[in-house]
4 protein chains.
Amino acid sequence: MEKLLQKIIGECYPYIQNGKVATYIPELAKADPNEFGICTISFDQGTNGFGDYEKSFTMQSIVKAIILLRALEDKGESEVRNLVGVEATGKPFDTFNYSDQDLKSEHINPMINAGAIALCTLIDGKTYQEKFQRLLDLTRKIASNPNLNVDEDVYTSEKATGNKNRALTYMLKAYGIINEDAEEVLDCYFRACSIKVTSVDLARIAFVLANKGKDPITGEKLFDKKHAKYINAVLMTCGMYDGSGEFAITVGVPAKSGVGGGIMAIVPNRMGIGIYSPALDSKGNSCAGIKALELLSRELELSIF
Amino acid sequence: MEKLLQKIIGECYPYIQNGKVATYIPELAKADPNEFGICTISFDQGTNGFGDYEKSFTMQSIVKAIILLRALEDKGESEVRNLVGVEATGKPFDTFNYSDQDLKSEHINPMINAGAIALCTLIDGKTYQEKFQRLLDLTRKIASNPNLNVDEDVYTSEKATGNKNRALTYMLKAYGIINEDAEEVLDCYFRACSIKVTSVDLARIAFVLANKGKDPITGEKLFDKKHAKYINAVLMTCGMYDGSGEFAITVGVPAKSGVGGGIMAIVPNRMGIGIYSPALDSKGNSCAGIKALELLSRELELSIF
Amino acid sequence: MEKLLQKIIGECYPYIQNGKVATYIPELAKADPNEFGICTISFDQGTNGFGDYEKSFTMQSIVKAIILLRALEDKGESEVRNLVGVEATGKPFDTFNYSDQDLKSEHINPMINAGAIALCTLIDGKTYQEKFQRLLDLTRKIASNPNLNVDEDVYTSEKATGNKNRALTYMLKAYGIINEDAEEVLDCYFRACSIKVTSVDLARIAFVLANKGKDPITGEKLFDKKHAKYINAVLMTCGMYDGSGEFAITVGVPAKSGVGGGIMAIVPNRMGIGIYSPALDSKGNSCAGIKALELLSRELELSIF
Amino acid sequence: MEKLLQKIIGECYPYIQNGKVATYIPELAKADPNEFGICTISFDQGTNGFGDYEKSFTMQSIVKAIILLRALEDKGESEVRNLVGVEATGKPFDTFNYSDQDLKSEHINPMINAGAIALCTLIDGKTYQEKFQRLLDLTRKIASNPNLNVDEDVYTSEKATGNKNRALTYMLKAYGIINEDAEEVLDCYFRACSIKVTSVDLARIAFVLANKGKDPITGEKLFDKKHAKYINAVLMTCGMYDGSGEFAITVGVPAKSGVGGGIMAIVPNRMGIGIYSPALDSKGNSCAGIKALELLSRELELSIF
């Protein structure tokens, strides 16, 4: 397995040149585009990694999967579903997703910023400090890594420059979708995006989602099976931004990418994959990362179709 | 003339029933829908009023004409034009006016909220207190009424509930159209919208615009002739929200309405008109007010076409 | 006057280089970009022309004003208004002008293709041959030129390549706005666009519109005064495509341009202007023509604002 | 298995009342909303059916999957991919799917009308008669039913009323995406939509797609494995119109619905399902059919997530 990962990293390395690290958040612009790591966890092969798989980076949009899970666990499927729809929007990640019409819950989904921000309000907790702590605790538990924490520099940078997210949040308020204090909700969201992980952490989270919520080692139920399916289904239809359709064909598994350069891919009942390579294509997905998943999927027949 | 105004008010009174007072700002919802006043000022007939023409109400969007004038006077046509376009958007007054594309200056105009908010940043003044004071002073000067002031209740109400305007302002920041502190810019804009006037004040402001910037009594130049034409042209193409095209046909003069129930109409070289009737149609224009202008235009052949 | 026109042509000639002749209809691509003519007709100065003001070209979108007039005369304001709205769309001339929503009459106006095509169905006549003949006869009458005719090559070229107009027409049918045979309606529209005129013809048509429908020489009523105002108002708000707002500020009179390179400008109660210069800007308006109107307006104070 | 199908039909029967048969094509309006049938084919249970599973109806949009397959087999993945994108549009099935921008291949996908119409041009064959015959032959082969044929009344009805599809086709031509004769392409598409099948036929087609292109009985390769995955992936992300996201969560398998009342669902490596119940929800999907798939998926754990 490790040999396969090594071969794949070798073959995909040139694709780094097709991308650029994200620059819209100044702190992300500091990433080294040449870093490239991959980690897989499966029942039959255990944990395998190659390259910069122990380098840490911020989750960014990947945390949307955890926000959705936290909201599902705290409030249940129907309350989540009422607040945030599940249809692919066919729009970029930061889209306002409407033209003249009123903004409605059905116009957003948990994988676009407006949807993820709205879902932060459904997390249990009296304060947004408490809500965020519950989110961080859940991430640590699924990743089986109690040391996960926020990258304070990225968080501060996001908070200082996140005006599109501010605009989205005030739109949610203007249309009555959320009623809470905009800056508090945003603070929770910006912190969530800034949680630092490695490819190993992502592979482990993906593996629990692939294993329908059960700890793959202890067999302990970490969250509801139904919620794993809900999340995997949403990732399949809109986890890779505007590239979700292409990804379904070439890789064929649920996955979520983040502008920090990470991709988390879930092979149901079989494998969790974490990748890191911060040079992004025009849609915001890791160039080399997507190519690596394509090769891995072909090599191991991972597609669920 | 007064008889004509009386007759028009009588004929248009029933149209009040087709409308409703604005409710999206709680304080505006307190307006009495049955109030209806009209005032005209012209060289040959002087000042004439009928009905509730001395009742005061807040300018709301009508102040956009003054914000535009203040910016033109302070920074000149080309700087204003670079920041905010002049094309009709075919969109409601609070529209985001774009779909997926980047927001650009050419997508906004001075008569939609985003454009008016952006223009507040062009007013001279070290602080937003100073900027607003310059705007208020200009309004007082053109209205020839040093007592004009902000309705503090409406201002507080707008500020508390203006989330769509907040969203617009953060969008302007996100796309680099403005760089200033969102809440300060908005404070200036909310104050401006809350300036209290009567139909007489509006008629007087309109008369100065009709008279190309010169005080109709003293002949003093209050502002640049070029700027009067700029404003009148913008009002002709987009002063009445989504009803601008209809209004051009039925009335045929530049005008600006506000959700406070006021309409200011400019008959170039001839007359200024102020109307107040707070029951609005679905486009945000005063129902009885528009009807009154239609009759007045027909009666006096006001159309410039 | 002729001296002024000569001076203006001289000053505006360099602006030709900023534009390109239309190429989307192959036949139009053959126009000579260096041709530039202007003609004015007014009560005090009579008819004056300079440059290529006797060169002929096809009306293209300028004919939309005549289609609107023909429909108004044949069916009256309210039937016209019910079929085609009057609001500026803030969209290019060939826009579909909607997103997901149903297409409605209020989404179109007489100056965008969909609106003009729909209005062809309102012209009296048993066949589309008859309808077109009525349109041509009206054009000849207002232009006071019985020799006006269709440019068969342009007509054939438009018909062969007008797939966007075909798409628009089928959309109008799909949404029940029109029910007639698409190809017959389009044939009438393509013929109308291909009527050949000179700057003199345009100036004369404009002068009648400026004179509220009366023949300026004989005083004969050629059409209803109300309809002249309707058309002038619509031209003011959306006659110059996406450049209508800019044009209102810089020139300040109702006008209509066509991709054939013509502009017809109406100075109410005063003057008719025809211009020809086929190099177009990105919005589809004649570059040198717009500049010439700007200078002429400044020189003679033509703006109605 | 048959008992389970009987139970499911019983439980889902009341959902028929939530829907209405399609009326936009007059001939479809004649369908009996009370018909309801289901058929499953799997390796372990063979073929099972209940209710009106032998009633025939027209494929409508379900044939889009076969058009895509035919194009993939005739021209290969890259040519198909260049002509028609694969991203979910977040738009209804008959959408124009753009606003002001140019229409591009990436704005359409094989499951919206514009995409399916465009793909008809990629089918091999000198004439559109030949192209359609190749499509019908492929449908017959996969369905293992040489008697499949066009419902001439529905075909004639579609052809007479399909103006939205005509508009879409002329748009494709206007933007150079296709260059062929619009009416010929449409004729092929309308015929394809009018192919009559039963739930058994759909189950059988689905089973071959689930079996990666191999005949489940003879093992014969009917089409390329890669193409089965391509189609299943596209169906997963946009096979159920605007309800694709919801369907991924509640059912969790690739599927395609048609306004004729059919749904074809593919359980990779395991089962093919055909359903017929013509009462549709507002998104154009069979009400009772979707509910039946939901129950079946829960009962048999069909979700691939």
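Below, chain A is the first sequence line, B the second, and so on; all start at residue 1. Note that this is a predicted model, so its numbers are computed, not measured.
For Phe223(D), the CZ atom is densely surrounded, since the number of other residues' heavy atoms within 6.0 Å is greater than 12. More than 12 heavy-atom neighbours from other residues, nucleotides or ligands sit within 6.0 angstrom of NZ on Lys75(D).
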TODO: Take Glu77(A) and Ile249(D), measure what side chain to side chain contact (heavy atoms under 4.5 Å, CB included) needs, and give me the verdict at the end.
DONE: CA-CA 11 Å; Glu77(A) 203 171 312; Ile249(D) 291 169; 4.1 Å; yes
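Summarising the geometry of Ala233(A) relative to Ala248(D), their closest heavy-atom pair is CB-O, 3.4 Å, with the distance given to 0.1 Å. The two residues Ser244(A) and Glu87(D) come nearest to each other via the heavy atoms N-OE1, 3.2 Å.
In this structure, OG1 in Thr250(D) is found 9.5 Å from CZ in Arg81(A), a value given to the nearest 0.5 Å. Once rounded to the nearest 0.5 Å, the distance linking CD of Glu301(A) with NZ of Lys229(D) reads 5.5 Å.
In this structure, the side chain of Lys212(A) engages the main chain of Phe305(D) through a donor-acceptor pair within 3.5 Å.
With Ile304(D) as the partner, the side-chain contact (heavy atoms from CB on, under 4.5 Å) test is satisfied by one option alone out of Asn232(A), Val253(A), Ile304(A), Asn269(A): Ile304(A).
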